[in-house]
Engineer: 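The structure that follows is given in the form of structure tokens.
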Amino acid sequence: SPAPAGDDPAEPAGEEPAEEGGEEATEPADEDAVVFVAQGSDAVTLDPHGQNDQASSRVRVQMFDTLLMQTKDLEYVPLLATEWTQVDDLTIEFKLREGVKWHNGEDFTADDVVYSLRRAIESPSVGQIVNMINPDKIEKVDDLTVRVGTDEPFGPLLAHLSHPAISMVNEKAVTDAGDNVDITPVGTGPYKLKNWARGDYVELERNDDYWGEPAKTKYITFRNVSENANRTIELETGGVHIAYDIAPNDVSKIEDNADLTLVRDANFSTTYIGFNASKEPFDKPEVRQAINHAVNMDEIVEAVYFGVGNKAAGPLGSNVAFANQDLEPYEYNPELAKEMLAEAGYPDGFDLVIWTNDNQVRQDIAEIVQNQLQQIGINASMEVLEWGSYLANTAAGEHDMFILGWTTVTGDADYGLYALFHSSQFGDAGNRTFYKNDRVDELLDIGRTSVVEADRAAAYQEVQEIIREDAPWIFTWNGEDLVGTSNKISGFELHPAGHYRLHNVVLGQ
Amino acid sequence: MAKNVATASASAPVVADKKRNQWKEVWRRLKQNKMAMLGLGILVFMVIIALSADLLFPKGFDDQMISRRFQLPNSEYWFGTDNLGRGILDRMVHGARVSLSIGLFAVTISIVFGGLLGAMAGFYGGKVDNIIMRSLDVLLAIPSILLAISIVSALGGGLFNVMLAVGISSIPGYARIVRASVITLKGQEFIEAARAIGASDKRIILRHIIPNALAPIIVQGTLGVAGAILSAAGLSFIGLGLAPPNPEWGAMLSGGRQFIRDHWPMTLFPGLAIMITIFALNLLGDGLRDALDPKLRN
Amino acid sequence: MLRYIARRLLLLIPVILGVALITFTMLYFSPGDPAQMTLGEQAGAEQLEQFRELHGLNDGFFVRFFNYVKNAVLHQDLGLSYRNRQSVFAEVALRFPTTLKLAGLGVLVAVAMGIPIGIISATKQYSLFDSISMIFALVGVSMPNFWQGMLMIIFFSVYLGWFPPSGFTNFNQMVLPSLTIGTSTAAIITRMTRSSMLEVIRQDYIRTARAKGQKESKVITKHALGNAMIPIVTVIGLQFGYLLGGAVLTESIFAIPGVGRLMVDAIKMKDFPIVQGGVLFIAVTFSLVNLIVDILYAFLDPRVRSQYR
Amino acid sequence: MSRKPLLDIKNLNVHYITHEGTTKAINDLNLALYPGETLGLVGETGAGKTTTALSMMQLVPDPPGKIISGEILYHDQDLTKLSEHELRKIRGNQISMIFQDPMTSLNPIMTVGDQIREGILLHQKVDMATATKRASDMLEVVGIPMERYNEYPHQFSGGMKQRVVIAIALSCNPEILIADEPTTALDVTIQAQVLQLMENLKKDFNTSMLMITHDLGVVANVCDHVAIMYAGTVIEHAEKHMLYRTPKHPYTQGLFGSIPNVEENVDRLKPIMGLMPDPTNLPTGCTFHPRCPHAMDICQVEFPRITRLNDEHWVRCHLYSADEEVSHE
Amino acid sequence: MSKVMLEARGLTKYFDVPGGKLHAVDHVDFVIHEGETLGLVGESGCGKSTTGRLLLRLLEPTEGEVWFDGENITTMPLKDFRKYRSQMQIVFQDPYASLNPRMSLSEIIEEPLIINRIHNNAADRAKRVRELMDTVGLAQRLLNVYPHELDGGRRQRIGIARALALKPRFIVQDEPVSALDVSIQAQILNLMDDLQDEFKLTYLFISHDLSVVKHVSDRIVVMYLGVIVEMAESQDLFDRREHPYTQALLSALPVPSVDIETRPILLKGEISSPINPPDACRFAGRCPYKQELCDREEPKLREIHPGHWVACHFAGNLVQTEDIIVGGQVVAAEEGEDIDIQELARQEVAPEEDILTEEAAEVEPEDIIEVEEAKSEETIITK
Ligand SMILES: Nc1ncnc2c1ncn2[C@@H]1O[C@H](COP(=O)(O)OP(=O)(O)OP(=O)(O)O)[C@@H](O)[C@H]1O
Ligand SMILES: Nc1ncnc2c1ncn2[C@@H]1O[C@H](COP(=O)(O)OP(=O)(O)OP(=O)(O)O)[C@@H](O)[C@H]1O
Ligand SMILES: [Mg+2]
Ligand SMILES: [Mg+2]
């Protein structure tokens, strides 16, 4: 694979005078520079089909490639597949890239794709992303062509295949690794694993045989710094060059610091406060609407998120494909809320408990909501559950109200709506509000099974209006990614799904 | 005959006419210890404040107003306000109840169970002793904070569970202390004397062993309250403490930690409150140790 | 001595079994579904079932416990982590050196501070130095560890820029955590040293040494300290043992990848094999530390030495 | 007054000052120890015997102890005025002390040999090997085979430990040996051994000895002179035979009446009434007057001065004040 | 002779200690007659207190029986034994340790009355307490003081009053005066003498102080390492010391008189271990007369004069008293004769491993550690 023209990394740039280096941030510091990245936890496994947690994805995405990926603007660009065609409603054919080598020196072929997809489908952790694909309908056409088929039409299939969890793995490498598959990643990506001190840091090294433009920095180290404040301090004191997930209250510290840059953009995440729609009085839409009116979301965004992100108008963030851009957030109007409650038959309010897990932000939200609801006569209290019980008990429907978040990783409305609002998805599967509306089910099914863009769009526009109106949630907040970087860093780009590719990152002087 | 032998004593030692209580004696000694009295004073002050929280600080602990958040100490909010605009002092004063009662109840739990187990082990010895102490060894081998974390994560948070967790995790310590003092006491001649006049096991335990084993327990208990408050704070830090908006000091401290650089009152005051309380408890504990130490008698 | 050690090592077996049973029971009855926790909120019912089957979560209490013990005994296998399917033994063993280092350094700092201060304040009882060091000791125990850690970070990392705020690989990174742990432990050691020294210097043999015409400094170092060491060593051992799992908060604050943190994460994520394995590791080490302390007694005290036969 | 005392305590006052009050442990105490003699110091608990001994070593714990006034003359120097450095040269070298309880007087974590050697190294300019040799010899002298040099105190029986303590005290061949109840903790048969041994060593080394005890039987066996202490002062000081045959002070007489004697059968003992006075609150005048069967008015107000009955016998008692002229000749 | 009140038959107590069985009391037989004082002497650790406790059933014997008033009180159910409790009492050595520091004087004296339901109402009890205080010579104003406020002599009077409260007939005096000063000791001895006359009490008087024992006792039992070596009328024992140990013991007693010359018999060797003693004379290791037989066979207690019992193979054939006996041969020592004491002392020493194990046995290693730990835990605050 030819080296890209332009800056030859072999050329010593470190000899530039220091003062100029400050200006010319893009100049590579030196050949063996290490970029340190801090995130809030360590990767759990480096097997893409192992765990689907953010921290792991953020590391793996540097080492593994998917067939195709979505840009931040939701356009599909080729990675390991160079082109794809919809053969019929149920089948897509992929042409694979030629001359790609795995980190272990093997050639990348159609067999790997077949193996990887089947393996992903079987994986308990990531299987649900691709389980609409029929494993028997994954066919190798020739060494560089693969067909993928579903049993029913599935609109967002490409989006799902772009999910970083559906990365390609090498059959031989996986088999050779045996029990160690989680710690011996073999991908095709721009970086390969150098060393992993589990719990502490992961060191990556440039893959010089990368099929595309090689990474600009030779080494990247992901450090696990769990305390938010510490990540900021590490960034300030030069211990790391890039810090992910800056706490909202640290925004000003980075913005005010001449040596640092805050990179921020909306992401695909949403935070919501769900009702238990199967339980009195939350089974009444009026009650749910009233509560939506009773919560001053601007205050929450200000107090809890320090103005970071946006208050949510509906179930999807505006950057998600098929998001309804016309939805209006519920107006804060406690008087109206009281009236509506009275109409619904609760003039004196009632008792309710808001559940959260031990997440500080959610607790803060709950505290405020709890307080605001008391002002319209609802005697709200809050209870913090340990994560395990929290998930179990909300899945079992034992709650009144609960706070959770959701990230529409694929950037597609289906991913952001189906599991959460379809009545087939009660409980564990995602619909913890036990919200059921036949029309919504119908529309979600259309959106999912149609492969016609326009049909899907229409269905999603309507369904979002209904959901907003029915208000199984208090629509709370659409998230924003905050990453702090040193000014020495250039080439860092966000991605709304949260996993940032770092191969363009350069550490300057 | 016998009488004239004895009563001829001109310079008798300290002798009182009215009924005297030995606790008064302890109190007298304690009063001489300035540091211990300082500790006691601080604690009494805290308890009084905590009990009269509703009267003194009627705003309560959940008087939010986002617009007045992050105020520095001022004439209305002596300790400033927190991230939701609540008075830090108001919260701390109401929180004193929670924190102090966590300490108190947790220690009560561990004293009651630890004391019972330790007394049984020490008094009966042999197999009973072996079984109890070996089981407690097992408990001791699990770090107490981990034990507490596991218990809270098993039972869920909440005041009672936190107290229970902290209490259970310090049972082995008390059991050992009680056992040690029971064993020492058991060998004392006055226990044998009680047997000789026909006292039952029950009477011996209740009348002779427990009152005498009390001193180290009281000392340890005082220090234990301090330990329990710290443990509860640690649990809050891990996110397993008391649910907000309950203003437990440890929860306030760990909740405020994200603002430690932006708004110092949120961590400083609860931190100081914890520190001063524990400081006071330690002073009192050390003082009690001296006041109760029979070696220093006479 | 060897026989004594062998006997003590044998005694470990019931302790380990007990610890295993307690943790197992506790975890078994703790609510929350490991499958759900591991696979995430988006996992489907089928996958959950598959996971449960794979890890034998559908078996009853006794079957599971029996299998656990059987695997542990027959194959020295503590199971696999739910989350990354790594051998629990390997995962814990990977973190253990860090934990040992942290506890060791903390105790070292504590000993270096606590013993000299304790000795001086005992020999100068009621002096100003005594009062000051006792107040220091009290402050040390009174300050919540994590708060102290944060304050140290702000002061030493942010304002002075002397030491990095997190990590535990190079010396600079080890300074703040060791100090955080060290000061609170030092407080305990100081108090113990002081009271133990006070006890010892009242003894007759100290008077005997003085009556020989020995210098006061020698009386303290040669005669008193050795005898005062036993309770001090006990405390050091206890503290070291306690820090093996008890330094969780410090580990979190300073982002140190130790066993404590591994376990707290595992508890939260219901990665039971890790919790179980971690507790066992700690319990065994704790018992070993106790054994070492007991052996140390023998070195310190010939009376104890003659009993270890 | 023919000979010059080796050690002469004059009007010594020692107080222990504590929060609870001031204990007047030693009050106007006079005591003389002559070369080569064994002086018995007898008194009941709290009389101040140990404090007297510690004063001679200048080892009264301070705080709370304080030497208020008085002199302790030894070779023309006042021990109370010497510097710590000078005192260290005397302690263990010229004046040695054996403490009451052999069980606790030895450092449990040092070998007995090393404990003997320590003093030798401190006071004699010899190298390690010589010191070790001398320490082993000392062990042999007190009847312990030198093979046991490297053993620890707990491996020895009470009697043997007491012998080690004696070896330590005698290792530098002191002029004065203070023995504070050296046999109280021992059984009679062992006590007899130890006393015999001390007696002999004293002769061999030509040491003067202050033997502190409350056992008049022991005194009768080993002492030449006897001083009886009561409430911090010596109330009678005499040659042994004089004291036993003609005790003068009512307290001394009371003591003799209190002890059962195997040699004679008495039906009832004749104890002294009452109790030792509270040392923080001593009676005025003669401290013994509340218990004294012969108390007179003057006894309540005036602390009696020393009355010399003859060269070898004096007493502090108003009963004999009148005789003073006589004794003065 | 008056009638037998109490009888020990083959009374035995072994304690389990790490080194084996500690023979604290090994098959002792003796009787105590109504109204007499039986003295029990011996060196420390020879089993005196254990014997006393066994008699009162404060310890269960390993073997043997105690008969009181012709009843076997060892095997009877505790329920039936209760009524004997009040007839047999004990006064302890240590007046500091034998009184509960948290109970006032009146509470202590009242307790036996409450436990045994002697008086049903508080007023009667209070009256009885006052009577008892009078009896033992405690001033009424001390009614509500606590033991720590009192001196040893007064405390010992409390102990005596407590023992008397149940109107016992038999009292074990376990070294009741050895912690007291001589002047106080005399007061207490006189008091006990008076009480014995007044209430017709029978005493077992335990002491290691021979002069005291001689003063109070009608008959004396000498114990050595758990066995009785000699037993006789008081004066008889002093006049005809038959057992070599008794001889040594009596000769070593310092007499407070300058007119009587005492020449102690110096024993060589150390006391041997009471743990698993061999079947031999327990005194053999220190006995100047030791023969080969002594190492082989344990001598039985036999009556060599009427009422005078000795457990020695050669009793009656030994050279009498007042001579210094060295290393198995008898040396007449005239006054002033020079004996090479250093030589003597050297012979005394026999490196005895046993003594080490004996001492080691007293503390279990675990116990030391546990106590230390407990101590340390006190000051530790878990974070
Ligand atoms: N360190 C001390 N602090 C306070 N008071 C003390 C101290 N040492 C001794 N005393 C008091 O001084 C007085 C004399 O004590 P000392 O030890 O000299 O008596 P003693 O004659 O040796 O008694 P014993 O026979 O009990 O050894 C006693 O009242 C005692 O309580
Ligand atoms: N509870 C016990 N456990 C083990 N050994 C014991 C126990 N009680 C006593 N002994 C041992 O039994 C032996 C006899 O003890 P006992 O107390 O009867 O002796 P004593 O003659 O009263 O001694 P002293 O004069 O010291 O009081 C001693 O060796 C002692 O160590
Ligand atoms: Mg003394
Ligand atoms: Mg006894």
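In this text, all values refer to a predicted model and were calculated from it rather than measured experimentally. Below, read A as the first sequence line, B as the second, and so on, with proteins coming before strands; counting in each chain starts at 1.
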Engineer: I'd like to know if the side chain of E:Arg102 and the backbone of B:Pro211 have a donor-acceptor N/O pair within less than 3.5 Å.
Structural biologist: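 Confirmed, E:Arg102 side chain pairs with B:Pro211 backbone.
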Engineer: Rounded to the nearest 0.5 Å, what's the gap from CD1 on E:Ile114 to CZ on B:Arg207? Could you check?
Structural biologist: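 If I round to the nearest 0.5 Å, the distance is 7.0 Å.
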Engineer: So B:His208 and E:Met103, side chain to side chain contact (heavy atoms under 4.5 Å, CB included) or not? Walk me through it.
Structural biologist: CA-CA 9 Å; B:His208 296 276; E:Met103 285 167 84; 3.5 Å; yes
Engineer: Given that the side chain runs from C-beta out, which part of E:Gln89 has a heavy atom under 4.5 Å from chain B: side chain, backbone, both or neither?
Structural biologist: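 The side chain, not the backbone.
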Engineer: Please check if the number of heavy atoms outside B:Phe113 that lie under 6.0 Å from its CZ is greater than 12.
Structural biologist: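 No.
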Engineer: Output the option from E:Arg162, E:Met88, E:Arg53 having the highest count of non-hydrogen pairs under 4.5 Å with chain B.
Structural biologist: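 Top count of heavy-atom pairs under 4.5 Å with chain B: E:Arg53.
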Engineer: Pick whichever of E:Asp94, E:Val172, E:Leu78 has the most heavy-atom pairs under 4.5 Å with chain B.
Structural biologist: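 If we count pairs closer than 4.5 Å to chain B, E:Asp94 comes out on top.
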Engineer: Which atoms of E:Gln93 come close to chain B, meaning under 4.5 Å heavy atom to heavy atom: side chain ones, backbone ones, both, or neither?
Structural biologist: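 When you check distances to chain B, atoms from both the backbone and side chain of E:Gln93 fall under 4.5 Å.
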Engineer: When heavy-atom pairs shorter than 4.5 Å are enumerated against chain B, which of E:Leu99, E:Leu56, E:Ile108, E:Leu143 gives the highest number?
Structural biologist: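 The answer is E:Leu99.
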Engineer: Side chain, backbone, both or neither: which part of B:Arg203 has a non-hydrogen atom closer than 4.5 Å to chain E?
Structural biologist: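 Only the side chain of B:Arg203 comes within 4.5 Å of chain E.
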Engineer: What part of E:Arg57 gets closer than 4.5 Å to chain B, counting heavy atoms only: side chain, backbone, both or neither?
Structural biologist: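 E:Arg57 has no heavy atom closer than 4.5 Å to chain B.
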Engineer: Identify which part of E:Asn100 has an atom lying under 4.5 Å from any heavy atom of chain B, answering side chain, backbone, both or neither.
Structural biologist: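 Both parts, heavy atoms under 4.5 Å.
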Engineer: Where on E:Leu166 is there a heavy atom nearer than 4.5 Å to chain B: the side chain, the backbone, both, or neither?
Structural biologist: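 For E:Leu166, the contact with chain B is made by the side chain alone.
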Engineer: So which of B:Ser181, B:Ala194, B:Ala199, B:Ser169 has the biggest tally of heavy-atom pairs under 4.5 Å with chain E?
Structural biologist: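 Of B:Ser181, B:Ala194, B:Ala199, B:Ser169, B:Ala199 has the most heavy-atom pairs under 4.5 Å with chain E.
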Engineer: What is the distance from atom CD of B:Glu189 to atom OG of E:Ser49, rounded to the nearest 0.5 Å?
Structural biologist: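 Output value for this atom pair is 7.5 Å.
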Engineer: Just wondering, more than 12 heavy atoms not from B:Phe105 lying within 6.0 Å of its CZ?
Structural biologist: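 No.
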Engineer: Which heavy atom of E:Pro101 sits nearest to which heavy atom of B:Asn212, and what is that distance?
Structural biologist: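 Shortest heavy-atom separation between E:Pro101 and B:Asn212 comes out as CG-OD1, 3.2 Å.
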Engineer: Indicate the atoms forming the closest heavy-atom contact of B:Ala193 with E:Ser98, along with that distance.
Structural biologist: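 Heavy-atom minimum between the residues: CB-O, 4.1 Å.
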Engineer: What's the spacing between E:Ile90 CD1 and B:Ile197 CD1 if we round to 0.5 Å?
Structural biologist: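 If we round to the nearest 0.5 Å, E:Ile90:CD1 and B:Ile197:CD1 are 12.5 Å apart.
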